[in-house]
Amino acid sequence: ALYFFFFFILQAWWVGENFSTDVWRMCATNTSTCMAITDQFREYQSIQAVQATMILSTIFCCVAFLVFILQLFRLKQGERFVLTSIIQLLSCLCVMIAASIYTDRHEELHKSNEYRLEVSQGQYGYSFVLAWIAFAFTLISGVMYLVLRKRK
């Protein structure tokens, strides 16, 4: 779940020899200059969808944690953390949607003429891989909350 908090800092969804790009900006590694991704870019709507679903996922993850803490003290013995599980699974769904959109649209996303560098010849970065890992762990966490019972 730490991925959600680092999502806003990490910029390695798509990397190349002299650049790294995420869903917010593109940075040239040799000059340390960054350029924001704006509505001038082709496929900007796809990037906005990825941004929105990752932000929603972060919100759901934080809410799930708070609901878990509340349910920990409010639930009677033997009851399940169903509400926490539902919220965690919603977070999982948002991560899956964001990573799936980026996976499907990455070729079109990086062909925009507005980039100052040629970014189409890159590869997936560690942030992209972390998104899929976050999906798997959030899914496992959501299922565990569904099975988990409060005990003495």
Side-chain angles (χ1 to χ4, degrees), residues 1-16 19-29 32-110 112 115 119 122-152:
L2 285 176
Y3 173 76
F4 302 116
F5 298 108
F6 293 115
F7 168 70
F8 299 102
I9 312 169
L10 300 176
Q11 53 187 5
W13 280 65
W14 188 256
V15 295
F19 72 89
S20 65
T21 184
D22 63 5
V23 296
W24 303 100
R25 64 183 178 255
M26 189 278 296
C27 295
T29 54
S32 298
T33 58
C34 293
M35 177 179 83
I37 297 174
T38 63
D39 59 355
Q40 303 297 319
F41 284 74
R42 283 179 29 191
E43 300 294 325
Y44 183 65
Q45 295 81 10
S46 298
I47 287 290
Q48 280 187 317
V50 173
Q51 291 171 346
T53 52
M54 287 305 292
I55 290 170
L56 272 174
S57 176
T58 304
I59 292 168
F60 282 138
C61 189
C62 292
V63 169
F65 177 71
L66 293 174
V67 168
F68 171 75
I69 297 297
L70 288 173
Q71 285 184 328
L72 193 60
F73 296 106
R74 294 285 199 173
L75 286 180
K76 296 176 185 163
Q77 182 180 349
E79 291 185 12
R80 297 181 190 270
F81 295 94
V82 176
L83 184 58
T84 303
S85 175
I86 290 169
I87 297 170
Q88 194 74 10
L89 291 172
L90 284 172
S91 177
C92 170
L93 179 67
C94 288
V95 173
M96 183 192 69
I97 290 170
S100 297
I101 291 171
Y102 197 86
T103 302
D104 181 55
R105 308 299 299 168
H106 81 275
E107 288 180 14
E108 290 80 12
L109 292 172
H110 303 297
S112 182
Y115 285 112
V119 298
Q123 60 191 18
Y124 292 115
Y126 62 89
S127 296
F128 175 78
V129 174
L130 280 175
W132 282 111
I133 292 171
F135 161 71
F137 282 134
T138 309
L139 178 64
I140 291 167
S141 174
V143 170
M144 283 177 50
Y145 282 132
L146 195 58
V147 174
L148 189 65
R149 287 186 180 195
K150 185 174 178 187
R151 300 172 193 252
K152 273 189 177 178

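Numbering of residues begins at 1 and proceeds along the displayed sequence.
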Exercise for the section: Please examine the side chains of T53 and V95, heavy atoms only from C-beta on, and report whether any two atoms are closer than 4.5 Å. Expected result: no
Problem - Test item: R80 side-chain N/O and V147 main-chain N/O as donor-acceptor pair under 3.5 Å - result: yes
Problem - Nearest-0.5 Å distance, CH2 of residue W14 to CD of residue Q123 - result: 8.0 Å
Practice task
Answer yes or no: is there a donor N or O on one side and an acceptor on the other, between the side chain of S85 and the main chain of V143, under 3.5 Å?
Solution key: no
Handout entry: Pair W13 + Y124: ring centers closer than 6.0 Å
Key = no
Fill in the blank from the handout: When every non-hydrogen atom of Y102 is compared with those of I47, the smallest separation belongs to CE1-CD1, 4.5 Å
Problem - Heavy-atom closest pair, residues G142 and L89 - result: CA-CD2, 3.9 Å
Exercise for the section: Identify which one of I86, L72, L146, I87 satisfies the side chain to side chain contact (heavy atoms under 4.5 Å, CB included) criterion when paired with F81. Expected result: L72
Completion exercise
So CZ of F68 and CG of L83: to nearest 0.5 Å the spacing works out to 12.5 Å
Problem - Within-4.5 Å side-chain heavy-atom neighbours: T103 and W132 - result: yes
Handout entry: Heavy-atom donor-acceptor pair, T58 side chain to M54 backbone, under 3.5 Å
Key = yes
Practice task
Might you point out which heavy atoms bring I101 and A49 nearest each other, and give the distance in Å?
Solution key: CD1-CB, 3.8 Å
Handout entry: Over all atoms of both residues, closest heavy-atom pair of L139 and C92
Key = CB-SG, 3.5 Å
Exercise for the section: Could you tell me whether the side chain of S141 and the main chain of F137 form a donor-acceptor pair under 3.5 Å? Expected result: no
Completion exercise
Closest heavy-atom pair, V23 versus V50, reported as atoms and distance to 0.1 Å, is CG1-CG1, 3.5 Å
Fill in the blank from the handout: In terms of heavy-atom contacts, C94 and L56 come closest through SG-CB, 3.9 Å
